[in-house]
Amino acid sequence: MHTGFHGDTLTHRGREFALIDQPLEAYFQLIGSRPDFHAGNGRGYAAHWVIEDGWLYLARLTGRWAHSEPLSMRHMFPFAGSKVYAAWLSGSLRGYRTDRALPAESFPAQMRYPDIVLRIDNGRLDTASIVHRGTAPARPAIMTVPRMMSPAACARHGAWTEAVV
């Protein structure tokens with residue numbers, strides 16, 4: 001499966017994710033050929049995926065054929081309905097939340113772990129690992145030891161105060 005930011009997105013549990021992996025490329029490997037897309041500066045298409053009731057579906061496909069005709073789901077999957085069950089896919093899907101800035105590929109120091117890692121088995125969601133990032137908790141101010149109290153007694157007092165408050 002190819003990786004890198006390319007325009008594929010995923011909706012899971014009401015959140016949008018920009019995918020690192022390219023699930024449709026696994027389909028092209030399965031059928032033995034890759035259609036002739038107008039690549040321009042990319043790979044020629046963008047796919048939107050959804051997980052519904054534990055199943056992975058291709059919900060939308062946009063792009064252009066090499067002869068400049070618009071690409072649609074009906075061209076790729078003529079007998080499918082409004083979405084296509086991704087039975088061909090087994091492996092991991094990784095992505096970043098789209099409501100936050102994506103990490104810059106040119107600066108490895110800014111790379112972070114994906115916000116979502118899904119394990120897919122023949123189009124069925126096997127496991128999901130979602131990272132919930134929030135603002136860092138505020139650190140408590142450094143407590144000064146009163147003059148008449150030993151450091152051990154101060155630590156006990158601080159622990160007791162936090163437990164009571």
Side-chain angles (χ1 to χ4, degrees), residues 1-140:
M1 197 172 347
H2 299 272
T3 61
F5 297 119
H6 42 73
D8 278 12
T9 55
L10 168 77
T11 300
H12 180 55
R13 294 189 176 174
R15 284 219 167 119
E16 292 282 323
F17 297 91
L19 288 179
I20 299 168
D21 303 299
Q22 302 176 27
L24 198 54
E25 294 296 323
Y27 175 74
F28 298 147
Q29 285 181 335
L30 179 69
I31 64 172
S33 67
R34 190 174 191 283
D36 193 17
F37 298 117
H38 174 68
N41 291 335
R43 57 191 179 136
Y45 69 90
H48 180 73
W49 304 84
V50 295
I51 294 186
E52 292 178 358
D53 297 324
W55 303 96
L56 178 67
Y57 295 98
L58 174 61
R60 193 171 54 247
L61 187 61
T62 58
R64 295 193 102 39
W65 293 105
H67 46 80
S68 296
E69 260 185 59
L71 173 64
S72 74
M73 291 270 287
R74 288 276 177 223
H75 291 120
M76 292 292 298
F77 303 97
F79 301 108
S82 61
K83 57 189 176 190
V84 177
Y85 169 56
W88 65 84
L89 187 66
S90 289
S92 294
L93 287 182
R94 300 164 299 149
Y96 295 101
R97 285 176 45 184
T98 57
D99 61 344
R100 296 174 180 248
L102 295 176
E105 287 189 64
S106 56
F107 300 109
Q110 293 180 354
M111 287 300 287
R112 68 176 196 256
Y113 289 107
D115 294 319
I116 189 169
V117 177
L118 304 173
R119 174 79 184 125
I120 306 293
D121 186 25
N122 294 322
R124 178 85 175 143
L125 178 63
D126 186 28
T127 59
S129 175
I130 302 172
V131 176
H132 300 282
R133 298 186 204 295
T135 57
R139 291 187 156 203

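Just so it is clear, the values below take in all heavy atoms, side chains as well, and ignore hydrogens, waters and symmetry mates.
The distance from atom CD of E16 to atom CG of L10, rounded to the nearest 0.5 Å, is 8.0 Å. Between L125 atom CG and I51 atom CD1 the span is 5.0 Å, to the nearest 0.5 Å. In this structure, the separation between CG on L118 and CG on L89 is 10.0 Å, given to the nearest 0.5 Å. Taken from CD1 in I116 to CZ in R15, the straight-line distance is 9.5 Å, to the nearest 0.5 Å. Separation of atoms NZ (K83) and CZ (R60) is listed at 13.0 Å; rounding is to 0.5 Å. Going from atom OG of S82 over to atom CZ of R74 covers 8.5 Å, rounded to the nearest 0.5 Å.
For F17 against H12, the heavy-atom pair with the smallest separation is CE1-O, 3.9 Å. In terms of heavy atoms, S33 sits closest to P35 at O-CD, 4.0 Å. Between M73 and L58, the shortest heavy-atom contact is CE-O, 3.3 Å. For H75 against P70, the heavy-atom pair with the smallest separation is CE1-O, 3.2 Å. P114 and I20 make their closest contact through CG-CD1, 4.1 Å (heavy atoms, listed as atom of the first residue, atom of the second, distance).
With sequence neighbours excluded, the residues satisfying side-chain hydrogen bond (donor to acceptor under 3.5 Å, both in side chains) with N122 are S90. Residues that satisfy the ring-ring contact (aromatic ring centres under 6.0 Å, His included) test with Y57, not counting sequence neighbours, are absent from this structure. Not counting sequence neighbours, D53 has no partner by the salt bridge (Lys or Arg N to Asp or Glu O under 4.0 Å) test.
With W88 contributing its side chain and P23 its backbone, the two residues share a donor-acceptor pair below 3.5 Å. The backbone N or O of Y45 sits nowhere less than 3.5 Å from a side-chain atom of R64 that would complete a donor-acceptor pair.
Of the residues listed (D8, T11, T62), the one engaging H48 in a side-chain hydrogen bond (donor to acceptor under 3.5 Å, both in side chains) is T11, and it is the only one.
A heavy-atom distance below 4.5 Å is found between the side chains of M76 and F28. At least one side-chain heavy atom of W65 sits less than 4.5 Å from a side-chain heavy atom of F37. In this structure the side chain of L24 reaches within 4.5 angstrom of the side chain of L61, judged on heavy atoms.
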